[in-house]
Structure formats: structure tokens, C-alpha cells
Asker: 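Below is the structure I would like to discuss, written out as C-alpha cells.
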Amino acid sequence: MYEMDTLLTPPLTLLKQAWSLALSKSNRLTYMTLGAIPVVLSFGFSAITSYFITTSTDLETVLTNFLNSAGVWGVVGIIALVLIGIVFAVFIGTWYTALLYKIYQSTALNKPNSLSLHLHPSRLVILRLFITSLKVGLLATFGFLLLIIPGIIITVRYAFAPLIAVTEEKVMNPLAESKQLAQGRFWQLLRRSVIPFIFYSVPLSVFQAIHPILGSIWSLSSPIFGLYFYLVFVDFKRTATPIA
């Protein structure tokens, strides 16, 4: 259990700190690379999808001929390929998220921030992160199905759980730890949680409406807002004193 100290750092101060750390000379290339990875993957997926759409007649013919000749096993094969693709996408996405969290932790501690240095440690916590995120997602979904308010409460209460799963490996129950850190400070955490929406998501929508390239450029800054939320977590942990 924790005894809470309400002297939290103002969220805009943490946001400024995140930008300053991420754009420092030693971290700039790392954060630009992290921001570029989703953009490159998105462009690649869009290009492949566009190619198949423009050749939909040929693709449809190939699939029809394949299914007619392969029968049931053809259907099974296609389903298996789809499932493998989903598992691969989840694996890569979870690994990328774990890598981000490891980088955030390293940045906050002023340690070396090379991507290659964190690839293996982040891979080791993929399963732990996936299970934690799945639990949080299921609880939040259940809360939103009941009423909107319980879903919001659950989402905020366990907002730190994925971060804890990756960066606090000695913590056996990330959800319980997140709940304790948020206890008694729900509104403080909620206010800090909407900062990325205001300063990242809203401008992103505006830039996307003006031109997709502008939106893609602005999306490069997304890891910086992730670093901001990690600094929020560190601030909540700093101001939480364990009760003996």
C-alpha cells in the first residue's frame, strides 16, 4: 500500500521535459527512428493494399481457381495464413511497445539509448506485456459495456500497468501496482492522461485533414508523448511512499 503525496509535478512541465529529453543530441536519432517505424510500416501496408485493390480482378480469379482446385484444404490454408499474419502482427506490435517502454526508462535514467541495446531485453518481456495489456483491455471493455463511467475508471486505474509490466519486472502484479499508484489521485491521473490527446491527437487530426503528409510528419512525434506519460508514471511513483 502507498501513502500519497499530492505534490505532483505539473503535467505541462513534464511535457516540456519529455520534448527536451527526446530532442537532446544523444536521443534525437533514436526517437526519430522510433517515430518513423509505424509511419514506414503504414505506408508499406497501404502500398500493398492499394496494389491488391488495383489488381482485384486477377487476385479474385487466382483465389477462385486455387479454392476450386484445393477444396477444403485450401480454405484451411488461407485461414491458417490469416491467423499466422495476425499473430505476427501482434508479436511485432507488442515488441515495438516493449521497446518503447525500455527506451523511455533509459531516457528518464539518462542511460545509453541505442535501439540495438534494448532489442533483446524488450523481447524478453513480450509475453508479460501482452498478458497485462490483454487483462487491462478485457477489464476496460467489460466496464464500457456496463456503463461508460466504469470503463473510464478502469482505464485510468490501470493505465500504468503495461509500463510496470515492462520496466518493473520485479513487480509480480502490474495491475495491482497501478491501482495502488492511482488510488486517491484519479482526477490528477485523468488530467495528465488527456494531455497527449490535446497536444498530439487533435493536431494530428488537423494536419491529416490538411494533407496526409503533414499528418505523417507530425506522427513522428508520438514517442515523445509516450515518454511524457512514462514521466507521469515516474512522478506518481516518486510521490507515493510505501506504508510500512
Side-chain angles (χ1 to χ4, degrees), residues 1-6 8-9 11 14 18 21 34 87 89-109 111 113 115 117-146 149-197 222-244:
M1 295 296 292
Y2 289 102
E3 179 183 357
M4 301 303 174
D5 179 354
T6 57
L8 291 164
T9 305
L14 293 177
L21 286 170
L34 287 171
V87 170
V90 170
F91 175 82
I92 294 299
T94 306
W95 191 359
Y96 173 74
T97 302
L99 178 62
L100 284 173
Y101 292 165
K102 288 292 187 183
I103 292 291
Y104 298 156
Q105 183 182 35
S106 179
T107 301
L109 295 173
K111 291 184 176 181
N113 243 345
L115 288 177
L117 186 66
H118 298 286
L119 285 174
H120 181 64
S122 60
R123 184 173 61 82
L124 296 177
V125 294
I126 287 177
L127 182 59
R128 177 173 158 92
L129 174 59
F130 174 76
I131 292 174
T132 301
S133 300
L134 182 62
K135 288 179 180 178
V136 174
L138 291 175
L139 287 172
T141 300
F142 181 71
F144 280 112
L145 288 175
L146 292 177
I149 294 178
I152 295 174
I153 293 174
I154 291 172
T155 301
V156 174
R157 177 181 293 171
Y158 299 121
F160 293 141
L163 282 172
I164 295 170
V166 174
T167 62
E168 305 283 333
E169 296 180 51
K170 293 182 179 180
V171 175
M172 298 302 297
N173 191 338
L175 274 74
E177 182 80 1
S178 179
K179 181 180 178 180
Q180 288 184 7
L181 289 175
Q183 189 172 3
R185 300 188 289 185
F186 174 84
W187 293 109
Q188 290 96 321
L189 181 52
L190 180 61
R191 287 197 296 270
R192 285 157 176 77
S193 299
V194 300
I195 291 293
F197 173 78
S222 61
I224 301 177
F225 291 91
L227 174 60
Y228 154 79
F229 194 71
Y230 181 78
L231 295 179
V232 171
F233 161 66
V234 172
D235 196 42
F236 267 65
K237 189 177 179 182
R238 175 185 64 82
T239 55
T241 306
I243 298 176

Asker: Side chains of L189 and F160, heavy atoms from C-beta outward: is any pair under 4.5 Å?
Answerer: yes

Asker: When rounded to the nearest 0.5 angstrom, what distance separates OG1 in T9 from CZ in R192?
Answerer: 8.0 Å

Asker: Taking the side chain as every heavy atom from C-beta outward, state whether S178 and F233 have any atom pair closer than 4.5 Å.
Answerer: no

Asker: Pair T239, R185 - check side-chain contact (heavy atoms from CB on, under 4.5 Å), show working.
Answerer: CA-CA 11 Å; T239 55; R185 300 188 289 185; 2.6 Å; yes

Asker: Could you state the interatomic distance from CG (L124) to CG (L119), rounded to the nearest 0.5 Å?
Answerer: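 Here the rounded value is 11.0 Å.
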
Asker: Can you find a pair of side-chain heavy atoms, one from V125 and one from Y101, that are under 4.5 Å apart?
Answerer: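 When only atoms from C-beta onward are counted, Y101 and V125 do not touch, as no gap falls below 4.5 Å.
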
Asker: Kindly state whether the ring of Y228 and the ring of F225 have centres lying under 6.0 angstrom apart.
Answerer: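 No, the ring centres sit 6.0 Å or more apart.
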
Asker: Once you round to the nearest 0.5 Å, how far does OG of S222 lie from CG of L227?
Answerer: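 Rounded to the nearest 0.5 Å, the OG-CG separation comes to 11.5 Å.
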
Asker: For F142, does the CZ atom sit with more than 12 other heavy atoms under 6.0 Å from it, leaving out its own atoms?
Answerer: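 Check fails, neighbour count at 12 or below.
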
Asker: Grab the two heavy atoms, one from F186 and one from V156, that are nearest each other, plus how far apart they are.
Answerer: CE1-CB, 3.5 Å

Asker: Any heavy-atom pair between the side chains of V232 and I195 that's under 4.5 Å?
Answerer: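 A side-chain contact is absent here, since even the closest heavy-atom pair is not under 4.5 Å.
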
Asker: Which heavy atom in R128 sits nearest to a heavy atom in I164, and how many Å separate them?
Answerer: NH2-O, 3.8 Å

Asker: So which atom in T155 and which in A140 form the shortest heavy-atom distance, rounded to 0.1 Å?
Answerer: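 Of all heavy-atom pairs spanning T155 and A140, the closest is OG1-CB, 3.6 Å.
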
Asker: Side-chain contact, heavy-atom cut-off 4.5 Å: Y96 with L34?
Answerer: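 A side-chain contact exists here, since the closest heavy-atom pair is under 4.5 Å.
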
Asker: Around atom CZ of F130, are there more than 12 heavy atoms of other residues, nucleotides or ligands at under 6.0 Å?
Answerer: no

Asker: How close do P223 and L100 get, heavy atom to heavy atom, and via which atoms?
Answerer: CB-CD2, 4.2 Å

Asker: Sort and list the pairs that fulfil side chain to side chain donor-acceptor pair (under 3.5 Å) and have at least one residue in residues 157-169, not counting sequence neighbours.
Answerer: K102-E169, E168-K237

Asker: Identify the heavy atoms of A165 and T132 that sit nearest to each other, and give their distance.
Answerer: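 Taking A165 first and T132 second, the nearest heavy atoms are CB-OG1, 3.5 Å.
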
Asker: What's the separation between atom CG in L109 and atom OH in Y104, rounded to the nearest 0.5 Å?
Answerer: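 Nearest 0.5 Å value for the CG-OH distance: 15.0 Å.
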
Asker: Using every non-hydrogen atom in the two residues, find where L163 and F229 come nearest and quote the distance to one decimal.
Answerer: CD1-CD2, 3.8 Å

Asker: Can you tell me how far CD1 of I92 sits from CG of L99, rounded to the nearest 0.5 angstrom?
Answerer: 11.0 Å

Asker: Check this for me: F91, atom CZ, are more than 12 non-hydrogen atoms of other residues, nucleotides or ligands nearer than 6.0 Å?
Answerer: yes

Asker: Quick one: does S106's side chain have a donor or acceptor within less than 3.5 Å of a partner on K111's backbone?
Answerer: yes

Asker: So with a 6.0 Å cut-off around CD1 of I149, is the heavy-atom count from everything else above 12?
Answerer: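 For I149, atom CD1 is not crowded (no more than 12 foreign heavy atoms under 6.0 Å).
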
